[in-house]
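Every chain is numbered from 1, with letters handed out A, B, ... down the list of sequences. Since this is a predicted model, take the numbers as computed values, not measurements. These numbers come from the heavy atoms of this one structure, side chains and all, not from hydrogens, waters or symmetry mates.
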Amino acid sequence: MILGKVIGTVWSTKKDENLVGSKLLIVRQLSLDFKEKENFVVAVDSVGAGEGEVVLVATGSSARQTNSTKNRPVDAVVMAIVDKLDIPVH
Amino acid sequence: MILGKVIGTVWSTKKDENLVGSKLLIVRQLSLDFKEKENFVVAVDSVGAGEGEVVLVATGSSARQTNSTKNRPVDAVVMAIVDKLDIPVH
Amino acid sequence: MILGKVIGTVWSTKKDENLVGSKLLIVRQLSLDFKEKENFVVAVDSVGAGEGEVVLVATGSSARQTNSTKNRPVDAVVMAIVDKLDIPVH
Amino acid sequence: MILGKVIGTVWSTKKDENLVGSKLLIVRQLSLDFKEKENFVVAVDSVGAGEGEVVLVATGSSARQTNSTKNRPVDAVVMAIVDKLDIPVH
Amino acid sequence: MILGKVIGTVWSTKKDENLVGSKLLIVRQLSLDFKEKENFVVAVDSVGAGEGEVVLVATGSSARQTNSTKNRPVDAVVMAIVDKLDIPVH
């Protein structure tokens, strides 16, 4: 999964009928020290994530394994809100 | 999903028989401030998107989850037309 | 899908038994002005594409949605021969 | 599969209900001489891998082919702990 | 598919139970003139490929379409040994 930060939402009226009601989040990729990268992805929310939250994004067919995304034409889903990273010093 | 802009179409007479009637859009990837990137993808239209419109593209097996693309050999579909991005200043 | 140009073929005697009879094309990626990029992919032909032709390549599981590729261990298929790109000046 | 090294874990309380109990590992990609690259991925553990161990990560739908990940919204799984690489000099 | 060269093997005792008996090959990506690139992938062998051989690797769910890989958590398979590339001069 990708580590990212929710920075906004996409508004869309005209979209696939199965996507009505889905929240489309703009998620910027993060480095391990939480610096925002240039890359971003638009992902469907499945856990109630809001702006500024650090999240995990699953992509590809795995993005369709939640109740909010099953059988829908979406290739990215926010499936976890991150509390913290635990990275011991070596 | 990828944020992109429809910039043209691909004409093809000789193609997989299941693709007859599908509109093949050329979609250039966009940055969050709507600058066109070098990257582009050819995607099947499923929402009536036209040139100049900002859209979302789903890729991989997820691209086959619309009525226009089910069971077809396509790996990218335009599944939403974007009205606006809502990105609050932090 | 990827825009590319067929530049050659791969010869292979020892391959997965389901691939016997499949034509393996070398496809170099193209920019929108038909310049050949460094990247290339080996893709199974499903539309009778030959050398020098500009084609579309579908990748991933979508590459298995043609009669020539169903249930086979291939991740790229040439599924359309391109007649022309139609890109209006803005 | 990707060659990587487990460098930590992700803590997440609010996540897809099917992921409760899954261990989310932070895996940094390795070169063949075991130098850590910048890239990393968050992957579900399926073999009891711990910090500092060199592992293989399978991505995409293949990441859902273990008992720990079946039908879950995850796109990366640690499915092997590496004992050694055997690379003869040519 | 990716063009690559088998340069070694991965030894792993602790791995997904369905992978016992699978040979894990280290495959370095090749350019069209057979220069080795930096990128590599670990792929399951399905055609008896050995070190030094030039091969094709299928990735993603397509990697699970061989007898050696069906239903297993692997995202790359060597499914052809390459005899030669046939690239005419233009």
Side-chain angles (χ1 to χ4, degrees), chain D residues 1-6 22-23 25 27-39 41 43-72 74-90, chain E residues 2 4-30 34-46 49-54 57-79:
Chain D
M1 278 71 70
I2 298 167
L3 183 72
K5 187 187 209 167
V6 180
S22 297
K23 199 167 171 190
L25 301 174
V27 181
R28 224 185 234 294
Q29 216 177 322
L30 290 179
S31 64
L32 287 174
D33 53 356
F34 303 112
K35 288 222 176 68
E36 294 185 19
K37 298 187 181 180
E38 198 55 40
N39 297 347
V41 67
V44 171
D45 180 33
S46 79
V47 288
E51 268 158 51
E53 283 186 297
V54 175
V55 297
L56 295 181
V57 177
T59 60
S61 60
S62 302
R64 300 198 308 273
Q65 309 291 318
T66 73
N67 291 334
S68 338
T69 55
K70 207 160 288 282
N71 299 324
R72 294 179 190 177
V74 299
D75 61 7
V77 70
V78 172
M79 31 57 84
I81 298 176
V82 173
D83 299 329
K84 68 166 181 170
L85 305 185
D86 189 352
I87 306 181
V89 184
H90 295 287
Chain E
I2 297 166
K5 187 188 209 165
V6 180
I7 62 159
T9 50
V10 173
W11 290 41
S12 167
T13 315
K14 208 168 175 180
K15 58 187 165 190
D16 186 272
E17 58 186 4
N18 293 312
L19 289 176
V20 174
S22 296
K23 199 167 170 191
L24 296 166
L25 301 174
I26 306 171
V27 182
R28 224 185 234 292
Q29 216 177 322
L30 290 179
F34 303 112
K35 288 222 176 68
E36 295 185 18
K37 298 187 181 180
E38 198 56 40
N39 298 346
F40 68 95
V41 67
V42 177
V44 171
D45 180 33
S46 79
E51 267 158 52
E53 283 186 298
V54 175
V57 177
T59 60
S61 60
S62 302
R64 301 197 308 273
Q65 309 291 316
T66 73
N67 291 334
S68 338
T69 55
K70 206 161 288 280
N71 299 324
R72 296 181 188 174
V74 299
D75 61 7
V77 70
V78 171
M79 31 57 83

Quick one: which of [options] has the most heavy-atom pairs under 4.5 Å with chain E, could you say?
options: D/S61, D/G60, D/A63; value: D/S61
options: D/V82, D/V57, D/T69; value: D/V82
options: D/V77, D/L56, D/V55; value: D/L56
options: D/V54, D/N67, D/L3, D/L32; value: D/L32

- CD1-CG distance between E/I7 and D/D86, expressed to the nearest 0.5 angstrom: 11.0 Å
- Item | Check: D/M1 main-chain N/O paired with E/D75 side-chain donor or acceptor under 3.5 Å | yes
- Query: Under 3.5 Å, is there a donor-acceptor pair between the side chain of D/D83 and the main chain of E/T13?
  - Reply: yes
- Task: Might you confirm whether atom NZ of E/K14 has over 12 heavy atoms from other residues, nucleotides or ligands at distances under 6.0 Å?
- Result: no
- Message: Looking at E/K35, I'd like to know if its NZ atom is crowded, meaning that more than 12 non-hydrogen atoms belonging to other residues, nucleotides or ligands lie closer than 6.0 Å.
- Response: no
- Side chain from CB out, backbone as N, CA, C, O: work out which of these in E/E38 comes under 4.5 Å of a heavy atom of chain D, or both, or neither. neither
- Task: Work out which heavy atom in E/P73 is nearest to a heavy atom in D/A58; give both atom names and the distance.
- Result: O-CB, 3.4 Å
- Using a cut-off of under 4.5 Å on heavy-atom pairs, state which of E/I26, E/T59, E/N39 scores highest against chain D. E/I26
- Note on the structure: Taken in chain and number order and not counting sequence neighbours, the residues that satisfy side-chain contact (heavy atoms from CB on, under 4.5 Å) with E/N18 are E/D16, E/R72
